[in-house]
2 protein chains.
Amino acid sequence: MTRPPTSRDLARLAGVSQATVSRVLTNNPKVNPETRARVLQVLKDANYTPNALARAMKTGRTDTIGVFMTRVTSPFHAELLDEIGRVLSSMGLHMILWNIEHDPEETVAAVLQQRLVDGFVLTSATYDSKLHTMALASGTPTVLLHRGIDGLDCDQVVGDNWQGAYDAGRYLVDAGHTDIGLVTLRATGNTSRDRDAGFRAALADAGVKLKPSNVITVGVPHADGHAAAEKLLSRKKPPTAIYTITDLLAFGILDGARAIGAHVPDDVWVIGFDNTDMAAWESFDLTSVEQPVHAIVETGIDLLRDRIADPDRPTQIVTLPCPLAIRGSTANRPLSAAKD
Amino acid sequence: MTRPPTSRDLARLAGVSQATVSRVLTNNPKVNPETRARVLQVLKDANYTPNALARAMKTGRTDTIGVFMTRVTSPFHAELLDEIGRVLSSMGLHMILWNIEHDPEETVAAVLQQRLVDGFVLTSATYDSKLHTMALASGTPTVLLHRGIDGLDCDQVVGDNWQGAYDAGRYLVDAGHTDIGLVTLRATGNTSRDRDAGFRAALADAGVKLKPSNVITVGVPHADGHAAAEKLLSRKKPPTAIYTITDLLAFGILDGARAIGAHVPDDVWVIGFDNTDMAAWESFDLTSVEQPVHAIVETGIDLLRDRIADPDRPTQIVTLPCPLAIRGSTANRPLSAAKD
DNA sequence: GCGAGGGATGAATACGTATACACTTCCAGA
DNA sequence: TCTGGAAGTGTATACGTATTCATCCCTCGC
């Protein structure tokens, strides 16, 4: 037959009622072992799979999680997405992926209310977006991963960006750097904000002044890091170290340095943020503050499942440490050399 | 009310039947303009969104496409995924993403029959996988993007990998190279096979011998390219050019070269395949055979929609050209130098 | 003035499953 | 012997929407 067989078709074949077939499918204990075996055999012979839509409509559960993300081509986001996919599938959950860069706001708004997922994962919460508000208002369980919103009554799992940035700053200061560059982003979310603020705090605490001319605010692409490095390093007296708030920008900075003949780390140290896989590549060999992607995702999905199971539980905000991964872009060297 | 309002609730509010509300929602012309306006107002006031599951169950269409993919963290795959997401969302379609690396075979098999998507996009078809066979057997419209299966009666859109590889080989030969390295993958799909075979054919046609010791078969990660380059370039008489079948491996090769002090392109030329965004980065500046990602995806999704609309139309196989993007990793230089 | 026909709407049903409820059988306990 | 209840199964219904069919009213043409 061209139409896929339904549980009713198979019930007839097995000589039982549709209800019994359904009970077998849901592992309902109230069914005679012999009957169960017979039905299972029929199901198997017919290569039957329950219609997920009908099941979802009846139970109200779709076993699907909606993920909102941006810039999938960015190395860190790709790793984050990969990890989310891994964890969800290990739990038997499907993933619907929405790229909020591509989807117009009204589309997203409609999607939120369609009840076609059991929960939402937001990875790119920003202060100037209403997405998280709308998601919460929809009544669908929601968790914020990677980026959080302070004070929002919503489960959140984020890295301790401020501390990670502080440690990076402290590390540079301790190595003797006093003329330090900061390539930063306009703070649209807590990540960029804290990665900026924590770093500044470390320098301030150490009494190292951050020259305004050493701070460059850019956009997200690699090319912007490239341009910033050229700008900073083509000065008469360029900074001896540059910290930036994403690995992607750091790669651009390394490239920019290469382009104008500045050597890393001899002429300038470079530190990124995210510790993506690529940071370990020979081309970059980048010191970077690590995002505990695995733990963030694992913890976040757990929180989401807990909330799906019990929507009224108190919200939980988890902050995970971001340790510094040291590599060749900041090879330690004598203090005097750094100051030179 | 805590439960989302249904069309029946709103029908009562508007003083019409549920059927009329439904007619308004589906833009059925057989409804009085005044009634339509009144209903629309009520819908808007209630901020109503139709239940996607119920609608899908009734119409048999979910407006969702299932995408099967691997290695999202690989630059090319990330670009492919991004493009697929862009195109689907521009058509108002949702995307369920399955990573066939993570999902066990039986999970995938079950998914294929659940009718929860209108169509499948397979981007990683391999000869030793049954995925494409199972997808076709499920009766759900399916298209193969990027990787194809020769002779399979299924819509396919692929790059002309063979020609692209041939052109790359020809380009090296024309530049005077005679001692050429090939870093290749075990041919699990048509891409790796053709990117290998086309290159070999170009050399053979030109009478340039490919030394067996110059051919290294590796795995997909960056590190494997790195290792291969070290192996090839640490010889007494290393090849003067290396071609490989993915950009990711090429990046590894560039890194490996850097690691042992070989200079690109003075000591060795390097050519990759995919022409990812990263190939243009200063660190790599990689000559690469371009995959027309945009055209592949756009064409592929069009084919898929056509097939959804008419399942019985003849299958179509589209092959798009893969031009060579030349960059600094193969800067042209005098022939004599190349031979030296 | 009357029937035909079209426009607008409501009532009823179906999609495929899960589940509350009713029913039968059979056995234990009085 | 009778009864209560458990085990197993079937019947009926609901999920929320789209759609067929029937109904009603109004207009138009004769």
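Below, read A as the first sequence line, B as the second, and so on, with proteins coming before strands; counting in each chain starts at 1.
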I'd like to know if the side chain of A:Asn28 pairs up with that of A:Thr26 as donor and acceptor (distance under 3.5 Å, no hydrogens or angles considered).
no
Any N/O pairs under 3.5 Å between the protein and nucleotides 14-18 of chain C? List them or say none.
| residue | atom | partner | partner atom | Å |
| --- | --- | --- | --- | --- |
| C:dA14 | N3 | B:Lys58 | NZ | 3.4 |
| C:dT17 | OP1 | A:Tyr48 | OH | 2.3 |
| C:dT17 | OP1 | A:Asn51 | N | 3.2 |
| C:dT17 | OP2 | A:Ser7 | N | 2.5 |
| C:dT17 | OP2 | A:Ser7 | OG | 2.8 |
| C:dA18 | OP1 | A:Arg55 | NE | 2.5 |
| C:dA18 | OP1 | A:Arg55 | NH2 | 2.9 |
| C:dA18 | OP2 | A:Ser22 | OG | 2.7 |
| C:dA18 | N7 | A:Gln18 | NE2 | 3.3 |
| C:dA18 | N6 | A:Gln18 | OE1 | 3.1 |

Checking A:Asn190 now: which residues fulfil side chain to side chain donor-acceptor pair (under 3.5 Å) with it, not counting sequence neighbours?
none
Side-chain (A:Glu298) to main-chain (A:Val87) donor-acceptor, under 3.5 angstrom:
no
Which class fits the ring pair B:His94 and A:Trp98: parallel under 30°, tilted 30 to 60°, perpendicular over 60°?
perpendicular
Against A:Asn161, only a single residue in A:Arg193, A:Gln291, A:Arg147, A:His146 fulfils side chain to side chain contact (heavy atoms under 4.5 Å, CB included); can you say which?
A:Gln291
Contact list for DNA chain C against residues 29-44 of chain A - heavy-atom distance below 4.0 Å
none
Can you tell me if A:Thr62 and A:Asp118 form a side-chain donor-acceptor pair at under 3.5 Å?
yes
Assess, by modelled atom type and distance only, whether the side chains of A:Thr315 and A:Asp153 contain a donor and an acceptor separated by less than 3.5 Å.
yes
